[in-house]
Student: 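Before anything else, here's the structure in question.
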There are 2 protein chains.
Amino acid sequence: MKKYIGKKKQVYLEEHSIANLFSFPVEDYIEVHEYQRNDWIIQESMRPDFLFYVIEGKAKIYITHQNGKVSLINFINANEYIGEMELLHDVYYTKGIQASTKTICFALPTHYYRKQLLEDAKFLRELTKFLSVKATEMAAKYTQSLAFPLENRLADFILQTADERIYKERHVTVCDYLGVSYRHLQHVLRQFCDKGYLQKEGRNYQIKQFHSLKELAQVLQN
Amino acid sequence: MKKYIGKKKQVYLEEHSIANLFSFPVEDYIEVHEYQRNDWIIQESMRPDFLFYVIEGKAKIYITHQNGKVSLINFINANEYIGEMELLHDVYYTKGIQASTKTICFALPTHYYRKQLLEDAKFLRELTKFLSVKATEMAAKYTQSLAFPLENRLADFILQTADERIYKERHVTVCDYLGVSYRHLQHVLRQFCDKGYLQKEGRNYQIKQFHSLKELAQVLQN
DNA sequence: GAAATAATAGGAGATATCTCTTATTTTGAG
DNA sequence: CTCAAAATAAGAGATATCTCCTATTATTTC
């Protein structure tokens, strides 16, 4: 992790206005952190000392279960919070957060700002919206995972993540995210290829029948 | 649904202080609603006109999927909100909320109070905590459902809901909640009986080997 | 209180998904 | 650039879970 100081810090503070996040000044103790791909922003079960707000990049929330299985709970993108659970709750099992690209965050030392943050309607309103979206997304993912086989959920995921009709997520990440075994993911991807929905190109897959995938994905939605 | 008026309403307002929920007066337009078991407090896809706060009782959040499967997303208990998603978001797919016992709620017409509520730090702070707990719970349920078979999740559910060592939830509710088929739920319950963990008594089950269930349930936790 | 509806019970067979294993290819650290 | 570690690929067999079906027993409704 790198901590930006001096001019570089100033540039980030100026270019990413935090005036719409908080209604009190945080310049005194705010920090700007940069994490490299695969760095751990927060380690599992280690309570963080900061509330983070992601400016650039993308990260992953992981939890390790007692049976050794690892779940990728969700992705975190720019303009989202990290460490808000610990800010709100004295007792909380901290999940692991790993940068999946270079990630730059504002970091507010909760020691200094916790009290003020919890009094600030502007901050709380944004956080409330953020959390309500998260809760809704998790509920959707939960019920979808129980109501539909991988075929449907994978089709949805492929359409969401494909770039220019090319799907190129790593299988290991996807099976943690969709909660299935590596072997099964391979099996369903193979089916998609056999049916002509996808065409394998080295490590990537090209979408050949968009509408077929769309049809599979659509049944998830309301 | 019954709307309490006059003295009855006053009694509820006095006995369940809302002074710790809002920092502005809501007496003018607040209502007190009573729902009977199985009444729909909110119907799926019908945007509600109120923000509810449950005073007494218990309700269930349902969503119906396109394939006809119904998921019981979660239970709602006393001192929890209903309709907060619609308060926060203009666009939201409204889930169905059904009373599972007689349920009494405060009902704030959002038409009158929305603006003020979204400015009120006291309200927002409580709602933020509520939502963060919900998001965490949903994430836990989601990852557990993917990482563990029904055996473990059912053991946990039995221990959580059993009263005096007697488990008496309705199977239809439980399979919507745990996201498995009725048939499979029966199958695993039968296994628990065969192994001597439970003993069937009419419709109910008596817990015979607490520690065995505990062992199965414990692997879910962190 | 009888008829309709919902819940429980369980057989039989299908399928979605997992575990274990072995081999090859790619990536990352030094 | 090299070697170890991680990711990919895929066979084979096990098991968790589902669908469909048919009875029987509660519960609700008129």
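The figures that follow rest on heavy atoms only: side chains count, while hydrogens, waters and symmetry mates do not.
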Student: Which residue, A/Val180 or A/Arg203, contacts DNA chain C at a nucleotide closer to its 5' end, judged by nearest heavy atom?
Tutor: A/Val180
Student: Find the distance B/Arg37:CZ to D/dT29:P and express it as a whole number of Å.
Tutor: 11 Å
Student: Going 5' to 3' along DNA chain C, between which two nucleotides do contacts with chain B fall, using a heavy-atom cut-off of 4.0 Å?
Tutor: C/dA7 to C/dG11
Student: A/Arg190 CZ to D/dA12 C1': how many Å, rounded?
Tutor: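 Interatomic distance, CZ of A/Arg190 to C1' of D/dA12: 14 Å.
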Student: Taking the six-membered ring where the residue is Trp, are the ring centres of A/His33 and A/Phe50 under 6.0 Å apart?
Tutor: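 Yes, ring centres under 6.0 Å apart.
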Student: Can you measure B/His187 atom NE2 to D/dT19 atom P for me and round it to whole angstrom units?
Tutor: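 About 16 Å, once rounded to whole Å.
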Student: Output the rounded distance in Å from CD (A/Glu169) to P (D/dT8).
Tutor: 11 Å
Student: Nearest to the side chain of B/Arg183, heavy atoms from C-beta on, is which of D/dT8, D/dA9, D/dC20?
Tutor: D/dC20
Student: Starting at CD of B/Gln186 and ending at C1' of D/dC20, how long is that distance when rounded to a whole Å?
Tutor: 14 Å
Student: In whole angstrom, what separates A/Leu189's CG from D/dA7's P?
Tutor: 16 Å
Student: Nearest whole Å is fine: how far is D/dA10 C1' from A/Tyr182 OH?
Tutor: 10 Å
Student: Does the distance from a Lys or Arg side-chain N to an Asp or Glu carboxylate O, for B/Lys195 and B/Glu151, drop under 4.0 Å?
Tutor: yes
Student: For A/His184, which contact category applies under a 4.0 Å heavy-atom criterion: base, sugar-phosphate, or nothing?
Tutor: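 Base: the residue A/His184, judged by heavy atoms under 4.0 Å, touches a nucleobase.
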Student: Return yes when atom CD of B/Gln206 has more than 12 non-hydrogen atoms of other residues, nucleotides or ligands closer than 6.0 Å, and no otherwise.
Tutor: yes
Student: Let me know the distance between NZ of A/Lys168 and P of D/dA7, rounded to the nearest Å.
Tutor: 19 Å
Student: Taking the six-membered ring for Trp, is the centroid-to-centroid distance between A/Phe148 and B/His65 below 6.0 Å?
Tutor: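 Ring-ring flag for A/Phe148/B/His65: true, centres closer than 6.0 Å.
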Student: Is the B/Phe192 to B/Tyr197 ring centre distance short of 6.0 Å?
Tutor: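 Yes, ring centres under 6.0 Å apart.
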Student: Take A/Glu86 and A/Arg47 through the test salt bridge (charged side-chain N to carboxylate O under 4.0 Å, His left out) and record every step on the way to the result.
Tutor: CA-CA 7 Å; A/Glu86 291 81 358; A/Arg47 206 175 165 83; 5.9 Å; no
